[in-house]
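Here is the structure we will look at, set down as structure tokens.
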Amino acid sequence: MPLSPLGIEVDGVTKRLRTTQALRGVTARFEPGRLHGLIGPDGAGKTTLLRLLVGLLRPDAGTIRFHAGMDTVPFDTVRPAMAYMPQQQSLYPDLSVAEHLEFFQELYQIPAEVYAERSARLLALTRLEAFRDRAARQLSGGMYKKLGLMCALLQSPRVVLLDEPTNGVDPISRREFWALLYDLVGQGILVVVSTAYMDEAERCGTVHMLDDGRLLAAGEPRALLASEKAASFEEIFLRSAGATAGTP
């Protein structure tokens, strides 16, 4: 597993899913040690792009390259250093918090001494120490999402991909979840998070705005709003919707 910070370059990627053109020539750069946001409404192509990045899908056209510093890294080398948290529930309802951690320890073949230190740190970071014996089905929405993130982080990845992790989560838990993401970025980890919440765009280091499979714009949130002469991200999406509606 490469120890250097990892980045991703996406060039002209297209993907069709049955009758739906999910992505239309998307080009984007995801730099290490930065929190990247895929922002857009349902059906924008966010989930498809994340699945392409993690290797669950292959592009119909275009390329996806991984790099560590100036060196290109093969995907087979990168994959063990990536963690993906899908939008749908993926935990075992009858297993406790502690049992989930033990399961993923076995799955990732983490040595006992490494697991003891890492699991203790993650439990403290997520504030789930007092809920070690609680079954996943008994957790609140926010706690459930934090358990999912904790299981993904147990392998100590260099790239973390999260598909709408704050969807349906209460405001306080959303704030705590974003604090966890900032902690990861501080460790030099590349974090890519998708969301349909426009207010979360301003929490990201770099925003990639997707709509109908197209990349509308990308950049640092405030600079992007200034360059687009827009007061909000909603305004940019509304302009795009209006332009699309007016296209013959």
Side-chain angles (χ1 to χ4, degrees), residues 5-68 72-75 78-79 82-87 158-165 167 181 185 189-198 200-221 223-225 227-228 230 233-247:
L6 293 170
I8 309 173
E9 296 181 0
V10 177
D11 287 306
V13 165
T14 65
K15 183 63 182 179
R16 189 175 186 84
L17 300 174
R18 296 185 181 180
T19 60
T20 301
Q21 190 65 44
L23 293 177
R24 307 169 189 267
V26 171
T27 294
R29 300 291 181 270
F30 302 97
E31 298 301 326
R34 195 161 183 83
L35 202 165
H36 292 260
L38 299 179
I39 313 297
D42 291 343
K46 305 185 298 297
T47 296
T48 300
L49 181 54
L50 287 177
R51 290 177 176 172
L52 285 164
L53 295 181
V54 80
L56 294 177
L57 297 173
R58 295 193 178 190
D60 297 330
T63 60
I64 298 175
R65 292 187 295 273
F66 300 85
H67 60 83
T72 300
V73 184
F75 178 74
V78 172
R79 182 62 189 91
M82 302 179 74
Y84 173 58
M85 186 172 139
Q87 182 179 356
R158 306 308 303 162
V159 177
V160 177
L161 309 173
L162 308 169
D163 194 2
E164 300 202 16
N167 186 29
L181 300 186
V185 171
I189 296 173
L190 164 59
V191 177
V192 183
V193 55
S194 74
T195 180
Y197 295 130
M198 296 296 107
E200 292 190 332
E202 297 187 27
R203 299 174 182 257
C204 302
T206 301
V207 170
H208 307 266
M209 302 183 66
L210 288 171
D211 191 24
D212 193 28
R214 296 182 176 87
L215 185 70
L216 300 183
E220 187 276 328
L224 182 55
L225 289 174
S227 67
E228 295 290 328
F233 290 98
E234 289 92 338
E235 182 178 337
I236 300 176
F237 279 109
L238 287 172
R239 288 180 193 168
S240 172
T244 302
T247 302

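Just so we're clear, the structure is a prediction, and the values are computed from it rather than from any experiment. Residues: numbered from 1 along the sequence shown. All values below were derived from every heavy atom in this structure, side-chain atoms included, with hydrogens, water molecules and symmetry-related copies excluded.
Between M82 and V54 the shortest heavy-atom distance is CE-CA, 4.0 Å. The shortest non-hydrogen separation linking P59 to G62 is CG-O, 4.1 Å. Across all their heavy atoms, G12 and T27 have their closest contact at N-OG1, 2.9 Å. The minimum heavy-atom distance linking P32 with L6 is given by the pair CB-O, 3.1 Å. Annotation for A201 and P221: closest pair O-CG, 3.4 Å, computed over non-hydrogen atoms.
Here the side chains of F237 and I39 are in contact, with some heavy-atom distance below 4.5 Å. In this structure the side chain of F66 never reaches within 4.5 angstrom of the side chain of V159, judged on heavy atoms. Side-chain atoms of L23 and L52, non-hydrogen and from C-beta on, do get closer than 4.5 Å to each other. Using a 4.5 Å cut-off on side-chain heavy atoms (C-beta onward), V192 and V160 make no contact. Taking the side chain as every heavy atom from C-beta outward, L53 and I64 approach each other to under 4.5 Å. Annotation: side chain of L35 is in contact with side chain of C204 (closest heavy-atom distance under 4.5 Å). Side-chain atoms of L162 and Q87, non-hydrogen and from C-beta on, never get closer than 4.5 Å to each other. Put simply, the side chain of V78 reaches to within 4.5 Å of the side chain of V73, judged on heavy atoms.
With sequence neighbours excluded, the residues that form a side chain to side chain contact (heavy atoms under 4.5 Å, CB included) with S227 are L224.
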Report the C-alpha separation of V10 and R65 in whole Å, then their side-chain angles, then the decisive distance to 0.1 Å, and conclude whether the side chain to side chain contact (heavy atoms under 4.5 Å, CB included) test is met. CA-CA 7 Å; V10 177; R65 292 187 295 273; over 6 Å; no
May I have the step-by-step check of side chain to side chain contact (heavy atoms under 4.5 Å, CB included) for D163 and T47, ending in yes or no? CA-CA 6 Å; D163 194 2; T47 296; 2.7 Å; yes
The test is side chain to side chain contact (heavy atoms under 4.5 Å, CB included); show your working for L38 and T195 and say whether it passes. CA-CA 6 Å; L38 299 179; T195 180; over 6 Å; no
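Sorted by first and then second residue, the ring-ring contact (aromatic ring centres under 6.0 Å, His included) pairs with a member in residues 17-39 read F30-H36, F30-H208, H36-H208; sequence neighbours excluded. The salt bridge (Lys or Arg N to Asp or Glu O under 4.0 Å) analysis of residues 38-62, with sequence neighbours excluded, yields the pairs K15-D60, K46-E164.
Between R29 atom CZ and E9 atom CD the span is 4.5 Å, to the nearest 0.5 Å. Put simply, CD on E200 and CE on M198 are 9.5 Å apart, with the number rounded to the nearest 0.5 Å. Here the CD atom belonging to E31 is positioned 10.0 Å from the CD1 atom belonging to I8, to the nearest 0.5 angstrom. A distance of 6.5 Å separates CG of L49 from CG of L210, quoted to the nearest 0.5 Å. If you take CD on E220 and CG on L225, they are separated by 8.5 Å, rounding to the nearest 0.5 Å. In this structure, CZ in R34 is found 11.0 Å from CG in L190, a value given to the nearest 0.5 Å.
Ion pairing of R24 with D211 is absent here, as no side-chain N (NZ or NE/NH1/NH2) approaches a carboxylate O to less than 4.0 Å.
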